[in-house]
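To start, the structure itself, in structure tokens.
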Protein chains: 2
Amino acid sequence: MARKHAADLPLRLDNQLCFAVYSTAHAFNRVYKPLLDQLGLTYPQYLVMLVLWERDGVPVKDIGERLFLDSGTLTPLLKRLEAAELIKRTRNAEDERQVLIALTPKGDALREKARAVPQSILAASACSIGELVTMKNEIVALRDKLNKVLGE
Amino acid sequence: MARKHAADLPLRLDNQLCFAVYSTAHAFNRVYKPLLDQLGLTYPQYLVMLVLWERDGVPVKDIGERLFLDSGTLTPLLKRLEAAELIKRTRNAEDERQVLIALTPKGDALREKARAVPQSILAASACSIGELVTMKNEIVALRDKLNKVLGE
DNA sequence: CGCAATTCAATTGTATGCAATTGAAATCAA
DNA sequence: TTGATTTCAATTGCATACAATTGAATTGCG
């Protein structure tokens, strides 16, 4: 009879916000997949390109802070983007510890093709823009609270 | 001047719900890490244990449907749980295609230690239970819409 | 019944994520 | 200024994720 006890409720999968977030992230990833295949990008690679399309020539560290990823993840990912000729990696002459990431013309041009992606995602979510913005703000607030706890 | 053009707004990282979800999933994972280390589990392994603590002796496929994971992910994960003596994997005599996953006494006992986890997560999220439930329901609704699109 | 189609777990290959370590470069402090 | 500390990217090792394939077992159809 332990199974139906109230003490088990917090352990129930369906009650866990974290699993909701985790499984939604995977669902998003699967929706993005066919769209990003057309760009030749994975989702994390797409995120890096989003950062670079906003601002070019930034060190690896800045990309990592923006995406909450470390060099262990980014270094091999960036090497793949370089192999695909979308970015260039160069040591910063002013600080030889840093590697600066710059878009190639091909990487810059890919932005035009990428404009179609958010449209398709919006359609797949079957939500209004207002709903999405509200939800996004709530989730970001939660994320920032979690990250704040981690920083202590 | 292309950078500040309105056409770029949908491509801005900060405007993307998906990135909010993606980065929150990682933030959750980092909060869970030290708690789950004490149980000797990774987060996906913890999810499998949650499923099994609800119902034991289920085929791999059922776990996969519950967690939205496939055999390519689950098979090696389950082998690790078996190596840790938390579960047992046995062929279903009634359907030899299936592998049934059952808790060992050690795996069952781990549930008691796991009860502390949701408490700690609740504290880290710095939200009321009501807020968390609301947000969870919204996110699950979104996930289900995304998964519905995928099924078409 | 008998064979094709389907189901299921396992396997292979690629790409994240992250902890821990390394090594080079820059900064800080005495 | 030099020696310790810190910063930064790269590397190593382990554990997901998932597409695609495989092979065994079952189901379904004629």
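Residue numbering restarts at 1 for every chain, and letters A, B, ... go by the order of the sequence lines. Just so you know, these numbers use all the heavy atoms, side chains as well, and skip hydrogens, waters and symmetry mates.
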Out of D:dA17, C:dC18, C:dA9, whichever nucleotide has its closest atom nearest the side chain of B:Ser71 = C:dA9
Pairing of A:Arg89 and A:Glu82 as salt bridge, 4.0 angstrom limit | yes
Picking from D:dA10, C:dA9, D:dA17, which would you name as closest to the side chain of B:Val99?
-> C:dA9
Applying side chain to side chain contact (heavy atoms under 4.5 Å, CB included), run through B:Lys145 and A:Ser125 and close with a yes or a no.
-> CA-CA 6 Å; B:Lys145 280 190 231 175; A:Ser125 72; over 6 Å; no
Quick note, A:Arg91 side chain, CB onward, closest among C:dT7, D:dA9, C:dA26 is D:dA9
Specify the separation, in whole Å, of atom CG of B:Leu78 and atom P of D:dA17.
-> 13 Å
Identify whether any heavy atom of B:Arg30 sits under 4.0 Å from a base atom; if not, whether one sits that close to sugar-phosphate; answer base, sugar-phosphate or nothing.
-> sugar-phosphate
With a non-hydrogen cut-off below 4.0 angstrom, is B:Asp95 in contact with a base, only sugar-phosphate, or nothing?
-> sugar-phosphate
Do you know which two heavy atoms are closest between B:Pro59 and B:Leu100, and how far apart they sit?
-> N-CD2, 3.7 Å
Would you mind classifying the nucleic acid contact of A:Leu74 as base, sugar-phosphate or nothing, using non-hydrogen atoms under 4.0 angstrom?
-> nothing
Please work out if A:Pro76 contacts a base, only the sugar-phosphate, or nothing of the nucleic acid, heavy-atom cut-off 4.0 Å.
-> nothing
Looking only at side-chain atoms of A:Arg80, point me to the closest of D:dA9, C:dG17, C:dT16.
-> C:dT16
Please give, in whole Å, the distance from D:dC14 C1' to B:Leu41 CG?
-> 15 Å
Answer yes or no: does a side-chain N or O of B:Arg89 lie under 4.0 Å from OP1 or OP2 of C:dA10?
-> yes
Looking across every strand, which nucleic acid part, if any, lies under 4.0 Å from B:Leu77 by heavy atom: base, sugar-phosphate, or nothing?
-> sugar-phosphate
Given atom CZ of A:Arg97 and atom C1' of D:dC8, what is their separation to the nearest angstrom?
-> 6 Å
Counting only heavy atoms not in B:Lys106, do more than 12 fall under 6.0 Å of its NZ?
-> yes
Return the value, rounded to whole Å, for the distance between atom CG of A:Asn29 and atom C1' of D:dT16.
-> 13 Å
To the nearest Å, how far apart are A:Leu69 CG and D:dT16 P?
-> 19 Å
Provide, to the nearest angstrom, the distance between the CG atom belonging to A:Asp70 and the P atom belonging to D:dC8.
-> 13 Å
Checking D:dC8, C:dA26, C:dG17 against the side chain of A:Glu96 (C-beta onward), the nearest is C:dA26
Take atom CD1 of A:Ile129 as the centre, draw a 6.0 Å sphere, and report whether it contains more than 12 heavy atoms from other residues, nucleotides or ligands.
-> no
Spacing between B:Leu67 atom CG and D:dA15 atom P, to the nearest angstrom | 19 Å
With respect to the side chain of A:Thr75, which nucleotide from D:dT11, C:dT11, D:dC18 is positioned closest?
-> D:dT11
Look at the side-chain N and O atoms of A:Tyr43 and state whether any lies under 4.0 Å from the OP1 or OP2 oxygen of D:dA17.
-> no
Give A:Thr73 one of three labels, base, sugar-phosphate or nothing, depending on what nucleic acid heavy atoms sit under 4.0 Å from its own.
-> base
Closest to the 5' end of DNA chain D, once A:Lys33 and A:Glu65 are matched to their nearest nucleotides, is A:Glu65
Are any of the side-chain nitrogens in A:Asp37 or A:Lys33 under 4.0 Å away from the carboxylate oxygens of its partner?
-> yes
Which nucleotide in the set D:dA9, C:dC18, D:dT27 lies at the smallest distance from any side-chain heavy atom of A:Pro59?
-> D:dA9
Between P of D:dT26 and NZ of B:Lys61, the distance in whole Å | 16 Å
Is there a side-chain polar atom (N or O) of A:Lys79 under 4.0 Å from OP1 or OP2 of D:dT11?
-> yes
Residue pair A:Gln45/A:Asn92 against DNA chain C: nearer the 5' end by closest nucleotide is A:Gln45
